> 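Structure provided below as structure tokens; questions to follow.
Small disclaimer: the values here were computed from a predicted structure and weren't measured. One-based numbering, in listed order, for ligands and for the atoms of each.
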Amino acid sequence: MTAVSNSYPTEALRAADAAHHIHPFSDTKSLNEEGSRIITRADGVWLTDSDGNRILDGMAGLWCVQVGHGRQAIADAVHAQMSELSYYNTFFKTTHPPAVALAERLAKLAPPHLNRVFFCSSGSEANDTVFRMVRHYWDQMGKPDKKVIISRWNGYHGSTLAGTSLGGMKAMHTQGDLPVPGVHHINQPYWFGEGYEMSPEEFGVMAARDLERAIDEIGEDKVAAFIAEPIQGAGGVIIPPETYWPEVKRILDERDILFVADEVICGFGRLGEWFGSQYYGLEPDLMAIAKGLTSGYLPMGGVLVSDKVSVGLIDKGGDFNHGYTYSGHPACAAAALANLDIIENEHLVERVKNDIGPYLQERWIGLGDHPLVGQARMKGLMGALEIVPDKKNPHKPFKDVGVPGLLCRDVSFEHGMVMRAVRDSMIISPPLVLSHEEADHLVATARKTLDDTHQILKRNGFLD
Ligand SMILES: *Cc1c(COP(=O)(O)O)cnc(C)c1O
């Protein structure tokens with residue numbers, strides 16, 4: 001057995017990377033000048049880079065490594081599956097045991113009204129599937145005018161055409177002339193950045209009513225679905241005010257449109273429930289899943305389908321002309337099953353709810369006293385620190401939005417920890433296996449990072 005391990009000097013790898021590898025969401029020109037960071041090994045919550053530095057993975061890879069890195073049981077399950085049936089498709093009246101077992105397992109784990117799953121290889125593909133599925137559903141139900149999908153500014157639903165279009169990232173829309181027609185964006189429930197002139201409770205209701213206004217303006221007879229993340233991840237861990245989801249739920253209950261929960265981050269224990277929808281008491285008609293489904297060991301996503309949607313999609317008959325070569329891939333399904341075994345056997349969901357979640361939240365929110373921090377927030381194991389130029393006037397952003405965040409991210413790396421910057425919010429989403437000791441280390445490193453960033457920003461005239 002062989003892995004692509006590191007037998008080259010860092011500089012040689014950097015040069016080859018710069019010459020041949022185009023990175024996602026990167027300015028390749030400046031990255032090539034600077035040189036990529038090279039990760040060579042990972043174990044538990046720790047990464048090792050090509051110079052031998054140990055780095056605490058505060059982002060669980062990209063929000064996905066729920067069970068921590070290097071779990072032999074998943075590697076073994078994939079190896080065994082590949083030795084028996086490495087690949088077969090699920091088209092043409094065919095299935096295979098791993099796909100069946102995973103579909104059944106997910107139906108058991110999901111809320112009771114979600115009993116079927118469509119498999120794909122990523123969160124983006126899940127949302128592309130959603131896009132076609134909700135429109136097809138309404139066609140099948142004899143309401144072909146219901147085509148518009150409502151989503152939110154600064155939501156993230158992936159990087160494919162439908163994912164980018166459903167998402168509300170303007171910097172993504174400007175490349176590729178998106179969104180595609182038929183997507184309508186409403187405001188996000190971002191109290192700290194956009195709603196602070198009201199109480200969070202008032203703002204939550206107002207942001208929810210943006211949905212009501214949009215449906216009523218477009219016409220309920222033209223709206224197919226509303227899609228949203230329970231908590232926005234890539235948008236900056238935007239935790240909606242407590243009034244937001246109850247008001248959205250009221251609006252949806254009164255109107256005949258589908259609700260799609262994008263659970264790609266919030267699913268599989270991140271919020272201390274199996275799904276973020278359960279955390280907020282939502283009853284989605286469809287759920288997009290990926291990331292934590294396999295803890296990132298292999299790429300896999302899916303769409304969980306409710307009994308209600310099954311009526312249009314399945315009971316009415318006819319082909320759904322959609323699918324991927326790797327839908328239900330046996331090795332990926334085996335990885336997912338082994339990953340779910342670990343989550344269950346180690347009680348990781350309960351652990352986030354009752355143990356490491358509250359433990360880290362208390363300490364993370366304690367960072368709110370730092371002079372650079374305007375707000376510290378966290379639910380489950382996803383958190384953000386808003387860094388600001390003037391703590392006494394905390395909602396006023398930096399003049400060069402994003403520059404202090406990137407600086408802070410680099411300082412964090414130098415101190416041996418991954419935090420991600422979204423604008424000037426510092427984001428964490430650590431593996432669910434994080435120990436108390438590692439949580440203490442995470443918070444201490446974050447504080448040191450804030451101290452150093454504060455000094456650098458002061459020296460360079462960024463602070464008010
Ligand atoms: C990451 C993400 C996606 C896209 O998933 P990919 O696997 O990167 O395609 C979609 N929705 C949300 C909420 C995500 O965080």
> Tell me whether the centres of the aromatic rings in His395 and Tyr196 are closer together than 6.0 Å.
yes
> Please work out which of Ile265, Asp262, Ile231 has its closest non-hydrogen atom nearest to atom 11 (N) of ligand 1.
Asp262
> Using a 4.0 Å cut-off to any heavy atom of Lys291, which atoms of ligand 1 qualify?
1 (C), 2 (C), 3 (C), 14 (C), 15 (O)
> What's the spacing between Leu85 CG and His329 NE2 if we round to 0.5 Å?
8.5 Å
> Should the proximity of Thr160 to ligand 1, defined as any heavy atom under 4.0 Å, be assigned to the side chain, the backbone, both, or neither?
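Within the 4.0 Å criterion, Thr160 makes no contact with ligand 1.
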> Numbering the atoms of ligand 1 from 1, which are under 4.0 Å from a heavy atom of Ser124?
4 (C), 5 (O), 6 (P), 9 (O)
> How are the rings of Phe259 and Trp245 set relative to one another: parallel (under 30°), tilted (30 to 60°) or perpendicular (over 60°)?
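Aromatic pair Phe259/Trp245 classed tilted.
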> With atoms numbered from 1 as shown, which atoms in ligand 1 lie under 4.0 angstrom from a non-hydrogen atom of His157?
10 (C), 11 (N)
> Using 4.0 Å as the upper bound for N to carboxylate O, is an ion pair formed by Arg250 and Glu247?
yes
> Should Asp210 and Arg213 count as an ion pair when the cut-off is N to O under 4.0 Å?
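Yes, Asp210 and Arg213 are salt-bridged.
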> Taking only non-hydrogen atoms of Trp63, do any sit less than 4.0 angstrom from ligand 1?
no
> In ligand 1, which numbered atoms sit nearer than 4.0 Å to a non-hydrogen atom of Gly123?
4 (C), 5 (O), 6 (P), 7 (O), 9 (O)
> Within the 4.0 Å heavy-atom shell around Asn127, which atoms of ligand 1 are there?
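What qualifies from ligand 1 is 10 (C), 11 (N).
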> Could you tell me whether Glu386 and Arg423 make a salt bridge, using a distance below 4.0 angstrom between a side-chain N and a carboxylate O?
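No salt bridge links Glu386 with Arg423.
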> Check ligand 1 against Glu229 and write out every atom of the ligand that is under 4.0 Å from a heavy-atom position of the residue.
13 (C)
> Please determine if Arg105 and Glu344 form a salt bridge, counting it only when a charged side-chain N lies under 4.0 Å from a carboxylate O.
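Here Arg105 pairs with Glu344 in a salt bridge, since their nearest N and O are under 4.0 Å apart.
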